Novice: 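Take this structure, written in structure tokens, and hold onto it; I'll ask about it next.
Numbers for residues simply follow the sequence, beginning at 1. These numbers were taken from a predicted model, which means no experiment stands behind them.
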Amino acid sequence: NRAVVRAFFATLERLGSGEEVAALFAADGRQHMPFAPDGFPKLLDGRDAIARQYGGLPAAFAHMRFPDLVIRDLAGADEFLATYRSDIALRSGGKYDNTYAGRFVVRDGRIAEFHEYFDPIVLQRAFGGALQ
């Protein structure tokens with residue numbers, strides 16, 4: 001189960017397609033982003049929504065790294081807490097570096113739930129009006 005969480009970050013780092021990211025999720029998998037600012041989704045419900053959200057990675061980002069990734073076990077063998085920092089270069093020339101905590105629930109080898117917490121002000125500064 002931990003391997004699917006690691007695969008999620010590895011797929012992001014190699015700027016995989018939205019379909020590749022979505023394939024790591026259960027068919028009814030969800031990503032929650034409760035601190036997302038206006039113009040950015042707070043919930044991705046199902047593989048199609050996840051694929052759409054992550055589909056723009058190669059076009060938007062020159063590189064994406066998570067140099068401080070730590071994955072900790074939570075309850076049982078299917079829940080994990082990941083803490084991480086991003087080092088992301090935007091194709092537009094800017095940077096998007098944020099700090100995160102993510103809770104993953106893995107079911108049958110797929111991500112069933114991913115709750116991602118990040119600083120929305122850093123996101124807004126990096127992307128500005130592009131979130132709208």
Novice: Output, in order, the C-alpha distance, side-chain angles, deciding distance and verdict of side-chain contact (heavy atoms from CB on, under 4.5 Å) for Leu15 and Met64.
Specialist: CA-CA 7 Å; Leu15 300 175; Met64 182 179 287; 3.9 Å; yes

Novice: Do you know the tightest heavy-atom contact between Ala101 and Leu81?
Specialist: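 Heavy atoms only, the tightest pair is CB-CD1, 4.5 Å.
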
Novice: Using the rule given for side-chain contact (heavy atoms from CB on, under 4.5 Å), can you reason through Tyr84 versus Glu116, listing the C-alpha separation, both sets of side-chain angles and the distance that settles it, and then say yes or no?
Specialist: CA-CA 11 Å; Tyr84 46 107; Glu116 185 175 49; 2.8 Å; yes

Novice: Would you call the rings of His32 and His115 parallel, tilted or perpendicular, taking 30° and 60° as the class edges?
Specialist: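 His32 vs His115 ring planes: parallel.
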
Novice: For the pair Glu79 (side chain) and Arg103 (backbone), establish whether a donor and an acceptor sit closer than 3.5 Å, ignoring hydrogens and angles.
Specialist: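 Not confirmed, Glu79 side chain does not pair with Arg103 backbone.
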
Novice: If you compare all heavy atoms of Ala75 against all heavy atoms of Asp78, which two are closest, and at what distance to 0.1 Å?
Specialist: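 Smallest interatomic distance, heavy atoms only, reads O-OD1, 3.3 Å.
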
Novice: Mind checking the CG-OH spacing from Leu90 to Tyr96? Nearest 0.5 Å is all I need.
Specialist: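 That separation rounds to 10.0 Å.
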
Novice: Is there a side-chain contact between Asp119 and Thr99, using heavy atoms and a 4.5 Å cut-off?
Specialist: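 A side-chain contact is absent here, since even the closest heavy-atom pair is not under 4.5 Å.
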
Novice: Could you tell me whether the side chain of Asp97 reaches within less than 4.5 Å of the side chain of Val122, counting heavy atoms only?
Specialist: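 They are not in side-chain contact.
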
Novice: Enumerate donor-acceptor pairs with a distance under 3.5 Å from any side-chain N or O in residues 48-61 to protein atoms, sequence neighbours excluded.
Specialist:
unit_1, atom_1, unit_2, atom_2, d
Tyr54, OH, Gln31, OE1, 2.7
Tyr54, OH, Gln31, NE2, 3.2

Novice: Do the side chains of Ile111 and Tyr117 join up, straight or via other hydrophobic residues, at under 4.5 Å, putting them in one cluster?
Specialist: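 Per the 4.5 Å side-chain linkage, Ile111 and Tyr117 are not co-clustered.
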
Novice: Give the C-alpha distance, both sets of side-chain angles, the deciding distance and a yes or no for salt bridge (charged side-chain N to carboxylate O under 4.0 Å, His left out) between Asp28 and Arg107.
Specialist: CA-CA 11 Å; Asp28 61 348; Arg107 181 181 67 234; 2.6 Å; yes

Novice: Report yes or no: does Arg47 contribute a side-chain atom to a donor-acceptor pair with the main-chain N or O of Gly29 at less than 3.5 Å?
Specialist: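 No: the side chain of Arg47 does not pair with the backbone of Gly29.
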
Novice: Looking only at heavy atoms, what is the nearest atom pair of Phe35 and Pro120, with distance?
Specialist: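 Where Phe35 meets Pro120 most closely, the heavy atoms are O-CB, 3.1 Å.
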
Novice: Could you grab the distance from atom CZ of Phe8 to atom CD of Glu20, nearest 0.5 Å is fine?
Specialist: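 Those atoms lie 13.0 Å apart.
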
Novice: Quick check: closest heavy atoms across Asp45 and Arg30, and the distance to 0.1 Å?
Specialist: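 That closest heavy-atom pairing would be OD1-NE, 3.1 Å.
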
Novice: Using the six-membered ring wherever Trp is involved, compare the ring planes of Phe104 and Phe114 and label them parallel, tilted or perpendicular (cut-offs 30° and 60°).
Specialist: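 Rings of Phe104 and Phe114: parallel, under 30°.
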
Novice: Is any side-chain heavy atom of Asp73 less than 4.5 Å from a side-chain heavy atom of Arg2?
Specialist: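 Yes, their side chains come closer than 4.5 Å.
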
Novice: Tell me, with the steps shown, if Arg85 and Asp68 meet salt bridge (charged side-chain N to carboxylate O under 4.0 Å, His left out).
Specialist: CA-CA 6 Å; Arg85 179 179 59 83; Asp68 300 328; 2.6 Å; yes

Novice: Could you tell me which non-hydrogen atom of Ala82 sits nearest to which non-hydrogen atom of Leu69, and how far apart they are?
Specialist: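 Closest heavy-atom pair between Ala82 and Leu69: CB-CD1, 4.2 Å.
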
Novice: Taking the side chain as every heavy atom from C-beta outward, state whether His63 and Asp87 have any atom pair closer than 4.5 Å.
Specialist: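 Sidechains of Asp87 and His63: in contact.
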
Novice: Less than 3.5 Å apart, any donor N or O on the side chain of Ser86 or Tyr100 sitting next to an acceptor on the other?
Specialist: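 Looking only at side-chain atoms, Tyr100 and Ser86 do form a donor-acceptor pair, the distance falling under 3.5 Å.
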
Novice: Minimum heavy-atom separation for Ala26 to Ala112, with atom names?
Specialist: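 What the structure gives for the nearest pair is CB-CA, 4.3 Å.
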
Novice: What's the verdict on side-chain contact (heavy atoms from CB on, under 4.5 Å) for Leu12 and Val21, showing C-alpha distance, side-chain angles and the deciding distance?
Specialist: CA-CA 7 Å; Leu12 295 182; Val21 174; 4.0 Å; yes

